[in-house]
**Q** 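Once you've had a glance at the structure underneath, I'll fire off some questions.
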Protein chains: 2
Amino acid sequence: MAKNDSCSIRLVHDDVVKRVKRKLKSEEIFVRLADTFKALDDPTRVKILYALSLNELCVCDISALLDVSESAVSHQLRVLRNMRLVKFRKEGRIVYYSLCDDHILALISQGLEHVNEK
Amino acid sequence: MAKNDSCSIRLVHDDVVKRVKRKLKSEEIFVRLADTFKALDDPTRVKILYALSLNELCVCDISALLDVSESAVSHQLRVLRNMRLVKFRKEGRIVYYSLCDDHILALISQGLEHVNEK
DNA sequence: CAAATATATGAACATATATTCATATATTAG
DNA sequence: CTAATATATGAATATATGTTCATATATTTG
């Protein structure tokens, strides 16, 4: 409202904005991308994923490993399952979780590189 | 594979848990890692970063590009600045933002690969 | 069958967060 | 100097989210 015409015409870099706009992905892609990162935005979930990159683990293992209640672990695993970040196999009563694929570890490794800089 | 070690009450794979525990990063690393991903967990911020990977842009540009108020853009840019994901240069009244380094684009690209799978 | 075990889930609560609005700061023009 | 402009920021609000607690489901064992 404030700066429709005057700002747009004089100060916005109209050509650049138009060019970049053409290269933007769809709204849906960005939402799904953000949702993927959202699955990684919690320390407990990152720990779970990192641990699973080292070994497949059952809920009970993860709970003991991270000192988080089994219920909390189960809730977090559901988030990770929904985002197709982890898969599982059942062996009797025990459910073993592991990473869906190598992208997940690649993502975390990239994040670690950024964190470790400076 | 023995399941119940004598010293644990619950059914835990004690050896595996201990081995994985030794390889875990510090609490601080995981928190910073999660914080990094948290900066990417919002559609608006992902769009901003993706746009900045195509071209440096001022606040006004981003606002027009994404149809988000300049105030909202500014708030989000602060988050990205705090996580050292974007840098800026001032030219008079105009502040031009760009990505800090190539890791950021690498991270987003990895995320896109995961999103684009099936 | 019932009891025990491993995991999953719904509800509730407390905390975190994104946007809006109003205002502040910084820079340039006149 | 004042006015205008580009961006930044604090407060408020509405929404989202993580954990806990209680309970449910599924599987094995006796």
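Proteins come first, then strands; the chains are lettered A, B, ... in the order of their sequence lines, and each starts at number 1.
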**Q** Which listed nucleotide (D/dT9, D/dT20, C/dT20) is nearest to the side chain of B/Ser69?
**A** C/dT20
**Q** Hydrophobic clustering (ILVMFWY, side-chain heavy atoms < 4.5 Å, transitive) - are A/Leu33 and B/Leu54 grouped together?
**A** yes
**Q** Taking any heavy-atom pair under 4.0 Å as a contact, classify A/Tyr97: base, sugar-phosphate, or nothing.
**A** sugar-phosphate
**Q** In B/S/- notation, 5' to 3', how is nucleotides 22-30 of chain C contacted by protein heavy atoms closer than 4.0 Å?
**A** B----BS--
**Q** In whole angstrom, give the distance that lies between atom CG of A/Leu77 and atom P of D/dT19.
**A**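 My rounded result for the distance is 12 Å.
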**Q** Return no unless some side-chain N or O of A/Arg78 is found under 4.0 Å from OP1 or OP2 of D/dT17.
**A**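 No, A/Arg78 has no side-chain N/O under 4.0 Å of OP1/OP2 on D/dT17.
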**Q** Taking for each residue the nucleotide of DNA chain D with the nearest heavy atom, is it B/Val73 or A/Lys38 whose nucleotide lies nearer the 5' end?
**A** B/Val73
**Q** Whether B/Lys18 and B/Asp14 form a salt bridge (side-chain N of Lys/Arg under 4.0 Å from carboxylate O of Asp/Glu) is what I want to check.
**A**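 Here B/Asp14 pairs with B/Lys18 in a salt bridge, since their nearest N and O are under 4.0 Å apart.
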**Q** Is it true that B/Tyr96 and B/Phe88 have ring centroids separated by less than 6.0 Å?
**A** no
**Q** If you compare every side-chain N and O of A/Gln76 against the phosphate oxygens of D/dT19 (OP1, OP2), does one of them come in below 4.0 Å?
**A**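 Checking A/Gln76 against D/dT19: at least one side-chain N or O falls below 4.0 Å of OP1 or OP2.
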**Q** Tell me: CD1 of B/Ile48 to C1' of D/dA8, nearest whole Å?
**A** 14 Å
**Q** Per the side chain to side chain contact (heavy atoms under 4.5 Å, CB included) rule, which among A/Val73, A/Leu77, A/Leu57 passes with A/Tyr97?
**A**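 Considering A/Val73, A/Leu77, A/Leu57, a side chain to side chain contact (heavy atoms under 4.5 Å, CB included) with A/Tyr97 is found only for A/Leu77.
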**Q** Reading DNA chain D from 5' onward, which residue's closest nucleotide shows up sooner: B/Arg81 or A/Asp35?
**A**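 It is B/Arg81, whose closest nucleotide lies nearer the 5' terminus.
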**Q** Taking only residues two or more places apart in sequence, or in another chain, which ones meet B/Glu56 in a side-chain hydrogen bond (donor to acceptor under 3.5 Å, both in side chains)?
**A**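 Testing B/Glu56 for side-chain hydrogen bond (donor to acceptor under 3.5 Å, both in side chains), a comparison that skips the adjacent residues, returns B/Arg89.
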**Q** Closest approach to the side chain of B/Ser74, judged atom by atom: which nucleotide of C/dA18, D/dG18, D/dT9 is it?
**A**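 The answer is D/dT9.
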**Q** Could you go step by step and tell me if B/Leu85 and B/Asp101 meet the side chain to side chain contact (heavy atoms under 4.5 Å, CB included) rule?
**A** CA-CA 8 Å; B/Leu85 294 174; B/Asp101 60 64; over 6 Å; no
**Q** CD1 of A/Ile62 versus P of C/dT7: gap in Å, rounded?
**A** 9 Å
**Q** Without decimals, in angstroms, what is the distance between A/Glu70 CD and D/dG18 C1'?
**A**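 After rounding, the gap between these two atoms is 17 Å.
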**Q** Hey, could you give me each pair passing salt bridge (Lys or Arg N to Asp or Glu O under 4.0 Å) that has a residue in residues 34-46 of chain A? Not counting sequence neighbours.
**A** A/Asp41-A/Arg45
**Q** Kindly state whether the pair B/His75 / D/dT9 counts as stacked, where counting means centroids closer than 5.5 Å and planes tilted less than 30° apart.
**A**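 Given the distance and angle limits, yes, they stack.
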